[in-house]
Amino acid sequence: MSTLEREIHRPTWDEYFMLMAKLASTRSTCLAFPVGAVIVKDRQVLATGYNGSPSGSAHCTAQGYCYEGLSSCDASKTLPSRAVHAEANAIAQAARHGIATQGATIYVTLEPCIACLKLIISAGIREVFYETNFNSGNKLLVRDAFVADNLVTLKQMNVREAIASNASRFLLEPVSLLDFK
């Protein structure tokens, strides 16, 4: 493989951190939305998070539901999800370890909900990269007002297929034995 071909298969920094967020999502204990997040500053990972029930409480994956008697986690119109969102968990992890997030960037596999977006802004994180849209209706008005006020920038992105394919090869095969010629 030529140097140019290797560079084409090398992820950009944004793809690199989004791949980490996707990997973090595999730790999710939420049955409805497995989401991962990575907080980065100066190309260094500050904290990671994934969504799931609060530390110390039963995981939905272990008990098979969010609340007993519900067919799915979103089957109730009155009971809120038990999950702490990936973004909130990443910010909490940074806070727990005394890591400042002012001026950082967060990579998330799902667009932050309005509550998490407010938390992100309050934590001083000014840039959000996300993979999948989430907000709709009136929530878009709130989200767009935050963007218009220059409180945060939002960028939807996807990891290129060739990069994702190469990453899965690295995950499935012993890396030190891969042939790069």
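In this text the structure is predicted, and so the values were computed from the model without any measurement. Atoms considered below: every heavy atom in the structure, side chains included; atoms not considered: hydrogens, waters and symmetry mates. Numbers here simply count residues along the sequence, with the first being 1.
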Qualifying residues under side chain to side chain contact (heavy atoms under 4.5 Å, CB included), relative to N150, sequence neighbours excluded: none

Search all heavy atoms of [X] against all heavy atoms of [Y] and return the closest pair with its distance.
X: I39; Y: A104; result: CG2-CB, 3.7 Å
X: A164; Y: V159; result: N-CG1, 3.9 Å
X: M18; Y: Y107; result: N-CD2, 4.0 Å
X: T153; Y: E127; result: OG1-CG, 3.4 Å

Ring pair (Phe, Tyr, Trp, His ring centres under 6.0 Å) against F146, all qualifying residues, sequence neighbours excluded: none

T132/F134 under side chain to side chain contact (heavy atoms under 4.5 Å, CB included): CA gap, chis, key distance, verdict: CA-CA 6 Å; T132 305; F134 177 74; over 6 Å; no

N138 atom CG, neighbour heavy-atom count above 12 within 6.0 Å: no

Heavy atoms of other groups near R27 CZ, more than 12 under 6.0 Å: no

Candidate pair L117 and N135, rule side chain to side chain contact (heavy atoms under 4.5 Å, CB included), full reasoning: CA-CA 11 Å; L117 191 56; N135 293 306; 5.5 Å; no

Donor-acceptor pair, side chain of N51 and main chain of A83, under 3.5 angstrom: no

Drop me the distance from [X]'s [atom1] to [Y]'s [atom2], to the nearest 0.5 angstrom.
X: T101; Y: I125; atom1: OG1; atom2: CD1; result: 4.5 Å
X: I106; Y: F17; atom1: CD1; atom2: CZ; result: 13.0 Å
X: E87; Y: T109; atom1: CD; atom2: OG1; result: 8.0 Å
X: E111; Y: S136; atom1: CD; atom2: OG; result: 9.0 Å
X: Y50; Y: L23; atom1: OH; atom2: CG; result: 12.0 Å
X: N166; Y: E15; atom1: CG; atom2: CD; result: 11.0 Å

T12 vs R160, side chain to side chain contact (heavy atoms under 4.5 Å, CB included): CA-CA, chis, key distance, verdict: CA-CA 10 Å; T12 64; R160 291 173 287 157; 4.1 Å; yes

Verdict with supporting geometry, R126 and I121, side chain to side chain contact (heavy atoms under 4.5 Å, CB included): CA-CA 6 Å; R126 296 294 175 237; I121 292 166; 3.8 Å; yes

Linked, directly or transitively: L110 and L140 (ILVMFWY side chains, under 4.5 Å): no

S53 side chain near T29 side chain, heavy-atom distance below 4.5 Å: yes

Selection residues 37-53 - residue pairs positive for salt bridge (Lys or Arg N to Asp or Glu O under 4.0 Å), sequence neighbours left out: none

